[in-house]
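First up is the structure itself, then whatever we jot down about it.
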Number of protein chains: 2
Amino acid sequence: MANDLRAMVERLKAVSHPLRLRVLALLGAGELCVCQVAEVLQVPQSSVSEALRELRRAGFVNERKEGRWVFVSVVPQTGASPLLEGILAEAVSLVEVHQDRERAVEVKLLSIPMVCCKVQKAAKAEVIRV
Amino acid sequence: MANDLRAMVERLKAVSHPLRLRVLALLGAGELCVCQVAEVLQVPQSSVSEALRELRRAGFVNERKEGRWVFVSVVPQTGASPLLEGILAEAVSLVEVHQDRERAVEVKLLSIPMVCCKVQKAAKAEVIRV
DNA sequence: ATGATATATCGGAAATTACCGAAATATTAA
DNA sequence: TTAATATTTCGGTAATTTCCGATATATCAT
């Protein structure tokens, strides 16, 4: 990615969004698959997918395919990006981020990813049925 | 300002904009008045004013009134904002920012601020006349 | 007072972005 | 194969943001 002002603005835009910043901050605590992120944050999976696309475009996250799952993580910190460091450092002090990370631990203990999308769909159906 | 995720997103939005990021990075090299910023960056003065309003709202810049001039500067770095530090650290490596800062030195040597708005208006009139 | 300069706000059309359900694609299991 | 699950892309309206000229306000000089 070009090292010019426009490119930096695009990177900033990528995190100037509640969901995208939440996702990045969540991944700061460790790798997750897309469906786990959706389950932790309780948002539509398509929204998570779109958020991750932007974060990838901005060079903040990597992906790793494993079967039908896509695991995403923050790019390794080589000290090459003061911006990313600053964002993560500031984000970890936010209560929402702390809560999301606690919830991620629960989700992982519940032997998800195998069932998390299923869980989301069931929950949605429940809402409709009631 | 509240220390929640929404507030951090608002701060990020404030710099997710070419002009606003340029202004912040320019002020990182030292205090200037509004008209000097407009002269250095060669943009309408109202645009600079609006950019500064957002940067002030985000808590990135301070203002100091002196007569009819408003001098603006980056808030003192107390290490309390890793985000601001990261933004400035990343911005100083951009060629555009380097050029803007060099131009700021010229503008200050030309005994501006007293005449910089006048200069801008004259330049605009010139364009219209030709 | 009048004029000149600096700054802020306003208007409002154009461009951009957000949002999420639905549909498409991919991989695995039975 | 068919079914189930995970992910991405699409559609399309609503909401937001951008941009800058014009206008308003403030301060200083004469």
Side-chain angles (χ1 to χ4, degrees), chain A residues 6 9-10 12-23 32-39 41-58 61 63-72 107 111-125 127-128, chain B residues 6 9-10 12-23 32-39 41-58 61 63-72 107 111-125 127-128:
Chain A
R6 285 277 167 180
V9 166
E10 290 310 307
L12 285 163
K13 272 188 193 169
V15 287
S16 299
H17 181 286
L19 178 59
R20 296 197 294 261
L21 180 57
R22 260 180 106 192
V23 170
L32 291 173
C33 77
V34 179
C35 68
Q36 287 177 317
V37 175
E39 174 62 21
L41 303 185
Q42 294 285 291
V43 295
Q45 173 271 332
S46 64
S47 298
V48 172
S49 180
E50 284 167 355
L52 285 167
R53 186 210 304 160
E54 295 306 308
L55 292 173
R56 233 182 284 118
R57 265 172 35 88
V61 309
E63 71 172 39
R64 175 176 70 82
K65 295 201 178 189
E66 186 175 323
R68 70 185 110 175
W69 294 288
V70 173
F71 287 87
V72 285
V107 166
S111 69
I112 294 170
M114 310 68 157
V115 290
C116 61
C117 270
K118 190 177 181 178
V119 168
Q120 269 218 325
K121 282 172 185 165
K124 195 169 294 180
V127 170
I128 292 165
Chain B
R6 285 278 167 179
V9 167
E10 290 310 307
L12 284 163
K13 272 189 194 169
V15 286
S16 299
H17 182 285
L19 178 58
R20 295 197 295 261
L21 180 58
R22 261 181 106 192
V23 169
L32 290 173
C33 77
V34 178
C35 68
Q36 287 177 317
V37 175
E39 174 63 21
L41 304 185
Q42 294 285 290
V43 295
Q45 169 272 326
S46 64
S47 298
V48 172
S49 180
E50 284 166 354
L52 285 167
R53 187 210 302 162
E54 295 307 307
L55 292 174
R56 234 182 283 118
R57 265 174 32 92
V61 309
E63 72 171 41
R64 174 177 70 82
K65 295 202 178 189
E66 185 174 323
R68 71 186 109 173
W69 293 289
V70 173
F71 287 87
V72 286
V107 167
S111 67
I112 294 170
M114 310 69 158
V115 290
C116 61
C117 271
K118 188 177 182 179
V119 168
Q120 269 217 325
K121 282 172 186 168
K124 194 169 295 183
V127 171
I128 293 165

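Just so it is clear: chains get the letters A, B, ... in the order the sequence lines come, proteins before strands, and each one is counted from 1.
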Worksheet item: Closer to the 5' end of DNA chain D via nearest nucleotide, is it A:Lys13 or A:Leu52?
Response: A:Leu52

Would you indicate whether the side-chain heavy atoms of [Y] and [X] approach each other to under 4.5 Å?
X: A:Arg22; Y: A:Leu41; answer: yes
X: A:Leu19; Y: A:Ser47; answer: yes
X: B:Leu55; Y: B:Val15; answer: yes
X: A:Gln36; Y: A:Phe71; answer: yes
X: A:Leu32; Y: A:Val107; answer: no
X: B:Gln45; Y: B:Cys35; answer: no

Whole angstroms only, please: what is the [atom1]-[atom2] distance between [X] and [N]?
X: A:Leu21; N: C:dA18; atom1: CG; atom2: P; result: 13 Å
X: A:Arg64; N: C:dT27; atom1: CZ; atom2: P; result: 16 Å
X: B:Leu12; N: D:dT16; atom1: CG; atom2: P; result: 19 Å
X: B:Leu19; N: D:dT17; atom1: CG; atom2: P; result: 16 Å
X: A:His17; N: C:dT17; atom1: NE2; atom2: C1'; result: 8 Å

Worksheet item: If an axis is fit to five pairs at each end of the helix from C:dA1-D:dT30 to C:dA30-D:dT1, what is the angle between the two, to the nearest 10°?
Response: 20°

Response to the item:
Closest heavy-atom pair, A:Val72 versus A:Leu52, reported as atoms and distance to 0.1 Å, is CG2-CD2, 3.9 Å

Worksheet, complete the sentence: Heavy-atom nearest pair, B:Glu63 first then B:Lys65, reads OE2-CE, 3.5 Å

Worksheet, complete the sentence: Testing C:dA18, C:dT9, D:dG21 for proximity to the side chain of B:Pro44, the answer is D:dG21

Practice prompt. Check whether any side-chain N or O of B:Arg20 sits under 4.0 Å from OP1 or OP2 of D:dT17, and answer yes or no.
Written response: no

Discussion item. Go nucleotide by nucleotide along DNA chain C from the 5' end; which of B:Arg56 and A:Lys65 gets its closest nucleotide reached first?
Written reply: B:Arg56

Item to complete: Indicate yes or no for a side-chain donor-acceptor contact from B:Arg20 to the backbone of B:Ala51 under 3.5 Å, with no hydrogens or angles considered.
Response: no

Worksheet entry | B:Ser16 (side chain) donor-acceptor with B:Leu12 (main chain) under 3.5 angstrom | yes

Practice prompt. Determine, for nucleotides 23-30 of chain D in 5'-to-3' order, which nucleotides have protein heavy atoms under 4.0 Å from the base (write B), from only the sugar-phosphate (write S), or from neither (write -).
Written response: ----SSS-

Practice prompt. Look at A:Arg56 together with A:Glu54 and state whether they make a salt bridge at an N to O cut-off of under 4.0 Å.
Written response: no

Could you write out each protein N or O paired with an N or O of nucleotides 10-12 of chain D at a distance under 3.5 Å?
unit_1 : atom_1 : unit_2  : atom_2 : d
D:dC10 : N4     : A:Glu50 : OE2    : 2.8

